[in-house]
Amino acid sequence: MGKETLTITDNRTGKTYEVPIEHGAIRGMDLRQIKVSEDDFGLMSYDPAFMNTASCKSTITFIDGEKGILQYRGYPIEQLAERSTFLETAFLILHGELPTRAQLDEWTYHITHHTMIHENIKKFMDGFHYDAHPMGILVGTVGALSTFYPDAKNIMDPANREKQIYRLIAKMPTMAAFAYRHSLGMPYAYPDNDLTFAGNFLNMLFKMTEMKYKPNPVLERALDVLFILHADHEQNCSANAMRSVGSSHVDPYSAVAAATAALYGPLHGGANEAVLRMLREIGSKDKVPEFVKKVKAREALLMGFGHRVYKSYDPRAKVIKNLAYQIFQERGTNPLLEIAIELERIALQDEFFVKRKLYPNVDYYTGMIYEAMGFPVEVFPVLFAIGRTPGWIAQWQEMLLDSEQKIARPRQLYVGSGKRDYVPIEQRR
Ligand code: CMC
């Protein structure tokens with residue numbers, strides 16, 4: 001193997017430069033030395049949507065999109081989904097190692113005892129209109145938390161950061177459940193510290209007049225697994241928002257509000273709902289070939305298929321497909337499942353999809369599962385946000401402690417007009 005460097009010849013000047021290659025990348029700043037004259041700014045790279053730009057070094061999540069591999073801190077997602085819990089996985093993502101029994105007990109204790117929200121936050125949520133989308137309420141309310149915890153500004157104090165981490169992971173489900181109950185005009189159900197993380201969330205969503213809510217253990221475990229599967233996904237749109245906003249050294253509640261807002265968009269956290277709509281539109285198994293024809297004619301997208309990074313089966317979709325069978329056994333089959341399976345079967349054999357490496361992604365089966373579990377569609381992105389919170393905070397903390405990071409501030413290629421003089425309004429056409 002040759003030297004770990006790249007030699008660049010600038011054909012404008014004939015000059016040659018040698019830049020180091022590290023971890024399969026060159027540093028963008030190494031291009032700046034490439035100039036046509038002394039007063040030239042230097043060469044930049046142009047990469048809208050970060051298609052081929054690494055914005056950080058990270059030790060949190062590894063994805064191999066070609067092979068369909070997803071690992072948190074080196075542990076395969078399949079093993080975590082089968083053997084871990086969401087809180088244990090959250091500890092792993094944030095601390096880098098699986099906890100000992102004592103560490104897990106302490107961690108669980110702290111998260112469990114930070115689930116309550118201030119009564120004024122409840123009043124604040126009351127101010128939202130009766131039909132406000134739960135995700136919109138969540139964006140606003142998590143941002144508002146920063147005014148309740150002004151100490152959160154001390155982001156460089158590790159003990160202080162740890163306290164905000166407990167609060168964020170613990171309070172996201174409370175705010176999410178309250179947002180949902182608000183949209184139904186139902187009284188809020190307070191957290192129950194005797195229950196697990198997922199069990200308590202179900203309690204806050206669905207408790208009616210019973211003295212003690214007893215979560216269905218199959219649904220409780222399924223929800224916990226779904227949270228594990230969503231816990232981090234390296235530099236996706238919302239993680240990038242978290243890092244970028246956090247790089248201004250704002251408090252973590254404000255940065256999580258930004259990440260939640262990024263997740264709200266239909267290109268990110270909203271695809272599972274679109275899959276449900278698509279399957280309903282197809283209507284029956286025998287209409288699947290007709291729909292596939294439409295997709296191939298570019299008249300429709302096969303929602304829940306394809307991914308920017310995964311070019312083989314999304315490993316999360318595999319786990320979710322198995323989970324779907326367990327849930328349908330418990331709650332009765334979702335009639336859309338038959339159509340989904342047929343659509344997947346036909347698409348995976350069709351040259352159009354094979355050639356483009358289009359496989360089911362995480363959203364293909366989640367919508368059907370959530371529906372079978374009794375969640376209305378508006379709650380789907382909120383579920384995603386609860387699961388993703390440890391990932392966002394881990395990305396934020398890694399960014400803060402990385403001596404190579406600074407305030408995020410991309411460059412631009414200015415292509416607007418040159419300098420011109422102000423024209424009085426009477427002289428404008
Ligand atoms: N149905 C039909 N054709 C598709 C689809 C699809 N779902 N996805 C991609 N293609 C085609 C695309 O038109 C392109 O064709 P051609 O090369 O002939 O122009 C080719 O496949 C390659 O796609 P791409 O443009 O490289 O894909 P991308 O990386 O820009 O977009 C995507 C990725 C997820 C936005 C896209 O696959 C898509 O729109 N999928 C449906 C929506 C969806 O399921 N989103 C959930 C993403 S996973 C959740 C998350 O992490 O947020």
Side-chain angles (χ1 to χ4, degrees), residues 47-53 60-66 68-70 72 77 135 226-242 259-282 288-321 336 339-340 343-370 377 380-389 391-392 395:
D47 188 13
F50 298 108
M51 293 287 286
N52 195 37
T53 294
I60 303 169
T61 292
F62 172 75
I63 299 178
D64 184 326
E66 291 296 329
I69 293 172
L70 169 61
Y72 299 154
I77 191 70
M135 195 67 167
L226 286 160
F227 286 151
I228 292 173
L229 297 177
H230 286 92
D232 194 52
H233 213 227
E234 49 119 308
Q235 305 313 312
N236 55 85
C237 178
S238 55
N240 184 55
M242 181 81 196
T260 311
L263 187 69
Y264 194 1
L267 294 188
H268 191 4
N272 42 29
E273 189 187 337
V275 173
L276 274 191
R277 257 188 276 117
M278 172 190 74
L279 295 173
R280 281 199 191 110
E281 244 174 73
I282 296 172
V288 167
E290 200 182 306
F291 177 75
V292 170
K293 243 193 222 164
K294 262 173 74 179
V295 174
K296 289 162 68 175
R298 308 279 187 184
E299 290 163 19
L301 270 181
L302 205 177
M303 297 310 289
F305 259 63
H307 197 276
R308 172 66 57 81
V309 181
Y310 293 120
K311 297 302 169 196
S312 77
Y313 217 99
D314 180 338
R316 301 168 299 175
K318 255 187 211 164
V319 178
I320 285 172
K321 194 174 171 184
L336 299 177
I339 305 172
L343 184 54
E344 181 187 342
R345 188 186 68 78
I346 293 184
L348 291 183
Q349 289 173 5
D350 193 293
E351 212 223 322
F352 177 94
F353 300 93
V354 174
K355 207 173 98 196
R356 290 174 177 78
K357 300 185 175 176
L358 300 174
Y359 293 87
N361 60 48
V362 68
D363 289 317
Y364 193 66
Y365 285 102
T366 43
M368 274 177 290
I369 296 185
Y370 290 153
V377 281
F380 293 1
V382 158
L383 295 170
F384 199 152
I386 295 171
R388 186 54 59 86
T389 300
W392 286 334
Q395 298 286 345

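Note that ligands are numbered from 1 as they come in the structure, with each ligand's atoms numbered from 1 the same way.
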Any N or O of [X] that comes nearer than 3.5 Å to an N or O of ligand 1?
X: Asp363; value: no
X: Val362; value: no
X: Arg356; value: yes
X: Arg308; value: yes
X: Phe353; value: no

- Would you check if the distance from the ring center of Phe384 to the ring center of His233 is below 6.0 Å? no
- Query: Is the closest heavy-atom distance from Asn236 to ligand 1 below 4.0 Å?
  - Reply: no
Region of [X] engaging ligand 1 - heavy atom pairs below 4.0 Å:
X: Leu358; value: side chain
X: His268; value: both
X: Leu302; value: both
X: Arg298; value: side chain

Quick one: are [X] and [Y] in side-chain contact, heavy atoms under 4.5 Å?
X: Leu301; Y: Met278; value: no
X: Leu343; Y: Leu279; value: yes
X: Leu276; Y: Tyr370; value: no

- Message: If the condition is ring-ring contact (aromatic ring centres under 6.0 Å, His included), which residues does Tyr359 pass it with, not counting sequence neighbours?
- Response: none
- State which residue, out of Lys311, Arg316, Lys318, fulfils the salt bridge (Lys or Arg N to Asp or Glu O under 4.0 Å) condition with Asp314. Arg316
Specify whether the nearest protein heavy atom to [atom] is under 4.0 angstrom away.
atom: atom 30 (O) of ligand 1; value: yes
atom: atom 22 (C) of ligand 1; value: no
atom: atom 35 (C) of ligand 1; value: no
atom: atom 27 (O) of ligand 1; value: no

- Partner residues of Lys294 under the side-chain hydrogen bond (donor to acceptor under 3.5 Å, both in side chains) criterion, sequence neighbours left out: none
- Item | Per atom 42 (C) of ligand 1, closest listed option by heavy atom (Met303, Lys357, Arg388, Lys355) | Met303
- Message: Suppose we measure from atom 41 (C) of ligand 1 to each protein heavy atom; which comes out shortest, and what is that distance?
- Response: Phe305 O, 3.4 Å
